[in-house]
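Chain identifiers are assigned alphabetically (A, B, ...) following the order of the sequence lines, protein sequences preceding nucleic acid strands; residue numbering begins at 1 within each chain.
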Protein chains: 2
Amino acid sequence: MGRGRVQLKRIENKINRQVTFSKRRSGLLKKAHEISVLCDAEVALMIFSTKGKLFEYATDSCMERILERYERYSYAERQLVATDLESQGSWTLEHAKLKVRLEVLQKNQRHFMGEDLDTLSLKELQNLEHQLETALKHIRSKKDKALQEQNNLLAKKIKQIEKEEEKEKEMEQAQRAQVEQENNDLNSSSVLSQPLHSLNISGMYQAAAGHEDNDETPLENQNNPVMPPWMVRHING
Amino acid sequence: MGRGRVQLKRIENKINRQVTFSKRRSGLLKKAHEISVLCDAEVALMIFSTKGKLFEYATDSCMERILERYERYSYAERQLVATDLESQGSWTLEHAKLKVRLEVLQKNQRHFMGEDLDTLSLKELQNLEHQLETALKHIRSKKDKALQEQNNLLAKKIKQIEKEEEKEKEMEQAQRAQVEQENNDLNSSSVLSQPLHSLNISGMYQAAAGHEDNDETPLENQNNPVMPPWMVRHING
DNA sequence: CCGTCTATATATAAGCG
DNA sequence: TCGCTTATATATAGACG
């Protein structure tokens, strides 16, 4: 993009290459961040320059977590590393044992992820299925608890906010009462029947606050007085 | 870019978010590749969708190598491990790396089994849940296929048995016919109207076969003519 | 989900300081 | 390396099949 077209091959001019690297690098990092935010995705990006300098981006600045997550997906490469080690000769018995355990775990991992199932018998499949069902129950229960906790926390916060508003309102009322009293003291004509300006202000404030919500809220959640469940989901982002 | 401007915030509309994710993802991967080629850089990119699916790019398709290179840069927690290792000499390094991996895998394993969930964030729990759901789908589909195969196999066997019975029957009939013929030859009284014993045998066999089933078979499976329902029961888990 | 189309928004090559 | 400008190449939002 730019004045001239660019072939997809190494830029031979060192200066140009460096400049392009610098520009494209920032563009790439920017876009990585954008997709992460816009689409609620988790992104990890590593760029090593020719000279070996590292530039990185990670959603929520937590590269480690993402890499661990990646490891759950990755196994093929790991297998290569394992055999790689093997070719270097088995150093010690313990080391070899470790490798065996690793392989077993990797295989299990794959099975837990629903991959590489061809080697399993019917019975094993059924056992695995049951295992996962049980695990899912635990996980869901845990998740529900976490959600409930957050929910309670938010409810408390909202109550507190409401209390403070209440307090403010009372104070304003008290002020008005005092002003009224003073007016009565000055002349005996009644002004009690006129609308109270401060009440209107308070009312407007609440209305405005109520409109900060997203317009696209799904119907099934609009009644929830505390937290839409689909929103709670993103609190920990 | 495009018809409308876009705020850098989560796209609330689920459809749009998905579409945008798809488009930007491919754009990002493309640009990662471009900078890698143009500027002779080494790039690793991982993108997890909201639903937990992984998309990745790595220069020369060698993610593992880049991750290892990354680890050399990353220090925080790893520094501790690294110095620990260095003091023990270089060959132990591989060994210790193996140990670290093992630990990670073990931890994952526990998570997959619904254990040790307290260390997980809400988001991670949700990712895990989705992961297991997907895995379960694969496993069930695999199991279904396995069952179907067995089913077909058994069906074939039964057909074969029936064929053999048929053959026997025919042979008996032929025999009887011959005996009759001989009887007729001896005296001219007819015995054609009497019931055929072989037919009864066949009927009894089928009835007995139908009763091998478990008595507690759920209703919905009692019609299955081939596969014992207690086995079929596990198809849908 | 994938591909196509179009109008627009962005990214960036080139050049200069 | 960095900023800035401009002309252009690309990316992509939105709509549709």
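- Not one side-chain nitrogen or oxygen of A:Arg5 sits closer than 4.0 Å to the OP1 or OP2 atom of C:dT12.
- Rounded to the nearest 0.5 angstrom, B:Gln150 CD and B:Leu147 CG are separated by 6.5 Å.
- Distance CZ (B:Arg17) to P (C:dC1): 12 Å, rounded to an integer number of Å.
- Between A:His138 and A:Ser141 the shortest side-chain heavy-atom distance does not fall below 4.5 Å.
- If you find the closest nucleotide of DNA chain C to A:Leu28 and to B:Gly4, the one lying nearer the 5' end belongs to B:Gly4.
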Provide a list of protein-nucleic acid N or O atom pairs under 3.5 angstrom, restricted to nucleotides 2-4 of chain C.
none

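- If you walk DNA chain D from 5' to 3' and mark each nucleotide with an atom closer than 4.0 Å to a heavy atom of chain B, the marks span D:dA11 to D:dG14.
- Summarising the geometry, atom CD1 belonging to B:Ile139 is positioned 9.0 Å from atom NE2 belonging to A:His111; distances are rounded to the nearest 0.5 Å.
- Between B:Leu67 and B:Met46 the shortest side-chain heavy-atom distance falls below 4.5 Å.
- Summarising the geometry, the separation between CG on B:Leu38 and C1' on C:dA13 is reported as 11 Å, rounded to the nearest angstrom.
- For the side-chain contact (heavy atoms from CB on, under 4.5 Å) test, residues two or more places apart in sequence or in another chain that qualify with A:Gln131 are A:Phe112, B:Met113.
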Enumerate, atom names and distances included, each donor-acceptor pair closer than 3.5 Å involving a side-chain atom of residues 19-30 of chain A, sequence neighbours excluded.
residue, atom, partner, partner atom, Å
A:Thr20, OG1, A:Asn16, O, 3.0
A:Arg24, NH1, B:Glu34, OE1, 2.7
A:Ser26, OG, A:Lys23, O, 2.9

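- Residue whose closest nucleotide on DNA chain D sits further toward the 5' end, between A:Gln18 and B:Glu34: A:Gln18.
- Contact annotation: the side chain of A:Asp60 never approaches that of A:Ile66 to less than 4.5 Å [non-hydrogen atoms, C-beta and beyond].
- Considering only residues two or more places apart in sequence or on other chains, B:Glu133 meets the salt bridge (charged side-chain N to carboxylate O under 4.0 Å, His left out) condition with A:Arg140.
- For A:Arg24, whose side chain is taken as the heavy atoms from C-beta onward, the closest listed nucleotide among C:dA7, C:dA13, C:dA11 is C:dA13.
- Each end of the helix from C:dC2-D:dG17 to C:dG17-D:dC2 gets its own axis from five base pairs, and the two axes differ in direction by 50°, given to 10 degrees.
- Put simply, the side chain of A:Lys169 reaches to within 4.5 Å of the side chain of A:Glu166, judged on heavy atoms.
- A heavy-atom distance below 4.5 Å is not found between the side chains of B:Ile47 and B:Leu54.
- Between A:Glu12 and A:Arg10 there is a salt bridge, with a side-chain nitrogen of the basic residue lying less than 4.0 Å from a carboxylate oxygen of the acidic one.
- Residue-level contact check: A:Val19 touches neither bases nor backbone, having no heavy atom under 4.0 Å from any strand.
- Look at NZ on B:Lys31: it is 12 Å from C1' on C:dA13, rounded to the nearest Å.
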